[in-house]
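Please read the structure below before turning to the comments.
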Number of protein chains: 2
Amino acid sequence: MITLEDIARQAGVSHSTVSRALADSPLVHPDTKKRIQDLAREAGYQVNQVARNLRFQSTRTIGLVVPEVSNPYYPKLIQQVADLARESGYSLQLHLSGADQAAENTCLASLREQRVDGILLVTAERGRWVEDAEHIDMVMGDDAKGGYALAQHLIGLGHRSIAILGKPSHRGGYDRLFGFKTALEEAGLVLSEEMQLVANSDAEVKSGVIQLIGLTAPPTAIFAYQDSLAALVIGHLADMCIPIPQAMTVVGFDNLDLATYICPHLTTVGGHIEPLAAQFVNLLIARIRKTHPNTSPQRVVITPQLVVRGSCAPPRRESSITKKTSSPEGYYQQLPTRNTQETSR
Amino acid sequence: MITLEDIARQAGVSHSTVSRALADSPLVHPDTKKRIQDLAREAGYQVNQVARNLRFQSTRTIGLVVPEVSNPYYPKLIQQVADLARESGYSLQLHLSGADQAAENTCLASLREQRVDGILLVTAERGRWVEDAEHIDMVMGDDAKGGYALAQHLIGLGHRSIAILGKPSHRGGYDRLFGFKTALEEAGLVLSEEMQLVANSDAEVKSGVIQLIGLTAPPTAIFAYQDSLAALVIGHLADMCIPIPQAMTVVGFDNLDLATYICPHLTTVGGHIEPLAAQFVNLLIARIRKTHPNTSPQRVVITPQLVVRGSCAPPRRESSITKKTSSPEGYYQQLPTRNTQETSR
DNA sequence: TTTCATAATACACACGATTGCATTAGTCGT
DNA sequence: ACGACTAATGCAATCGTGTGTATTATGAAA
């Protein structure tokens, strides 16, 4: 690779002058400057950011840790984060942590060694333990409110027997369940054990659906923890020739693109990913630039909105509406590295 | 941040000794080594990779440039690449180039400035021009063969009137079309203009489907350029109460997860992403490590496989089968940075 | 006691870019 | 003609690691 020194030798000046010339400093003679700039351009000189990073003690890079990327929820988030970061002049170092807590810690350690200016950490599993969790900013979707809104919508349509299907592995998954249950309770309904099914794979969804349909008093609506699960539910119901939404109402969560790919289009909650990503990135960059006035850790909560589509219908009964808010729980976490640190020299 | 020098001062030795101690060098006295290691651990010392990278002239990072991540095809690829890279001890610097050629060049320039050890470039648009394209390795999916296989399958089922819908913006898109047309021609069929519709958005797909159904001689099968478009097609057909596959056959391309989310499950071609990513990464890392014997640019072609699912049926006629292979075209490109470079000092 | 080998550690430089300070050259004023 | 000021450039240190070489110190052998 070609360096400042190389250009300097060609131009017959010192490397300091070359550095100043390329930075368009007024300290170098206009003629010299022009000559050096031309020389550098035709030599294809490219700044060594590694050296510059060492000098500046900053990499203008932020680390993004995400569990996986197969679940379409995360790409949607990554896209937003990447765009916003680029707008602010930051590169992205992407790490996929997988399901494993140890792997996540490895990612974090690696990113700190790389001296990224900040880290965005998206945690998947409930109860993941992050060092100094109380000292980091957090941005979270209000999954409880989302679950509450969905349940309220179903109750409003007149549903009284509602099943829940999925695997609440997400920290937010439990919140969705909590919000959902809260709405049911407020309407005087109870969620019996047989209406709560754990399912993760396609096969489990299938057996779950069969189990629900086979009940003596089957539910009139099914709430899936994620849009992708809801899509599978709809698929299996269709296989069993159960018309949707006439004979069964189905709702999902997150409003992913696939919610409109399936037929009928899926009622779900969404719209939270974009503001989530925006807060996520803006808060971190404000921290990095120390422009954030408040030094105490921030807790930002984004409320998702109900998106009503064709997968819901009343179950041939009348309805009543209840209303109340519920408490949120954490989902996203964000921790800047450089800001809590101190150089001992 | 805490440095070698800090530990050295605490231990009353020089920073060189600390460096060697942490590298478990036999040159330092076992007692000193133990003492230094303990000291470093409890001080929470973390190597500065920026300094190390400068010293070693290597970042153990590969750059990945992808057009976007909303299209679920790319996340699937990213996941594979990230896993393989991590296995080989490389980090990933992700850049999203968007639709724009200039943005792509910006990404490339940025990655070279960051001194990544290699770059994986995924190009989306046809005819994107990459500097020194003839000097870089390329890995490509054989989209022509995929299109050919799909057409052959439809013809084998007895379809004679087949429509194509989508936007061949991909370089591979044109190849899919080419392979598809080749198979049709071999079967003595022609693809009339009215059977070729450009559609990108949901609205365009809808009007396209309506247009096709409204023809005096509507097609009996529709080939969509991507699974996501096929999903939309199926959705709109269902809206119009046209049973699939009884009244209309639909096929897609890429075998994404959503192919099994929709109902009926989508016939498509796939299985190429995994080997594609594997070749992609392995070839690059071999180049970086200079273990690759062949110095001339490689061209690797991956052939996708037909995946038959429920979205296809015969159109109440008999069938004939034709067979022949077609020529491939480029899709993926990969260029290592460090290997063609030379230090002038 | 002197010499030599060896073990352990310190010194110094390199990687490449930036920047405060010193140095040189050139111009102007008196 | 000489001092003073300024414009232009070079010198050198810095960021943090790793490593070749020099420098000690210690012990053993003669």
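Sequence lines set the chain letters: A, B, ... in the order given, protein chains first and strands last, and positions in each chain run from 1. For the numbers below, each heavy atom of this structure counts, side chains included, while hydrogens, waters and symmetry mates do not.
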- Given side-chain contact (heavy atoms from CB on, under 4.5 Å), test A/Leu111 with A/His95 step by step and report yes or no. CA-CA 9 Å; A/Leu111 286 171; A/His95 281 249; 3.7 Å; yes
- Task: Mind calculating the distance between CD1 (A/Ile7) and P (C/dT18) to the nearest angstrom?
- Result: 13 Å
- From CG of B/Leu4 across to P of D/dT19 the rounded distance in Å is 12 Å
- Message: What is the distance, to the nearest angstrom, from the CZ atom on B/Arg20 to the P atom on D/dA22?
- Response: 14 Å
- Query: In terms of the nearest nucleotide of DNA chain D, which residue is placed more toward the 5' end: B/Ala23 or B/Asn48?
  - Reply: B/Asn48
- Message: The criterion is side-chain hydrogen bond (donor to acceptor under 3.5 Å, both in side chains); which residues satisfy it with B/Arg35, sequence neighbours excluded?
- Response: none
- Message: With the threshold set at under 4.0 Å for non-hydrogen atoms, list the residues of residues 24-37 of chain B touching DNA chain D in residue-number order.
- Response: none
- When you measure from the side chain of A/Glu113 to the backbone N and O of B/Gln49, does any donor-acceptor pair fall under 3.5 Å? no
- How far does the helix from C/dT1-D/dA30 to C/dT30-D/dA1 bend, going by the axes of its first and last five pairs, to the nearest 10°? 80°
- Message: Could you check whether B/Arg41 pairs with B/Asp38 (Lys NZ or Arg NE/NH1/NH2 to Asp/Glu carboxylate O, under 4.0 Å)?
- Response: yes
- Task: Report yes if a side-chain nitrogen or oxygen of B/Tyr45 is closer than 4.0 Å to either non-bridging phosphate oxygen (OP1 or OP2) of D/dT17; otherwise report no.
- Result: yes
- Message: Between A/Asp31 and A/Lys34, does the salt bridge (Lys or Arg N to Asp or Glu O under 4.0 Å) criterion hold? Intermediate values first, please.
- Response: CA-CA 5 Å; A/Asp31 296 348; A/Lys34 177 77 165 55; over 6 Å; no
- Message: Side chain of A/Arg52 only, heavy atoms from C-beta on: which candidate in D/dG18, C/dA17, C/dG16 is closest?
- Response: C/dA17
- Just wondering, do B/Leu94 and B/Leu64 contact through their side chains at under 4.5 Å, heavy atoms? yes
- Message: Given D/dT17, D/dA13, D/dC15, identify the nucleotide with an atom nearest to the side chain of A/His15.
- Response: D/dA13
- Task: Report yes if a side-chain nitrogen or oxygen of B/Gln57 is closer than 4.0 Å to either non-bridging phosphate oxygen (OP1 or OP2) of C/dA14; otherwise report no.
- Result: no
- Atom-to-atom span, CG of B/Leu54 to P of C/dA17 - whole angstrom: 9 Å
- Within this structure, what is the CZ-to-C1' distance between B/Phe56 and D/dT19, rounded to whole angstrom? 9 Å
- Task: Answer whether the closest heavy-atom distance between the side chains of A/Gln80 and A/Val281 falls below 4.5 Å.
- Result: no
- Taking D/dG18, D/dC15, D/dG10 as options, the one with an atom nearest any side-chain atom of A/Val13 is D/dG10
- Stepwise, does the side-chain contact (heavy atoms from CB on, under 4.5 Å) test hold for A/Tyr45 with A/Val47? CA-CA 7 Å; A/Tyr45 170 77; A/Val47 148; 3.6 Å; yes
- Note on the structure: A/Glu5 atom CD is separated from C/dC15 atom P, nearest whole Å, by 10 Å
- Query: Start at the 5' end of DNA chain D and walk down; is the nucleotide closest to B/Ser19 or to A/Ser14 reached first?
  - Reply: A/Ser14
- Give one of base, sugar-phosphate or nothing for B/Ser16, where a contact means two heavy atoms less than 4.0 Å apart. base
- Message: Tell me whether the side-chain N/O atoms of B/Gln49 come closer than 4.0 Å to OP1 or OP2 in D/dG16.
- Response: no
- Query: Can you tell me if B/Gln79 and A/Ser70 form a side-chain donor-acceptor pair at under 3.5 Å?
  - Reply: yes
- To the nearest Å, how far apart are A/Arg55 CZ and D/dT17 C1'? 17 Å
- Just wondering, do B/Arg9 and B/His15 contact through their side chains at under 4.5 Å, heavy atoms? no
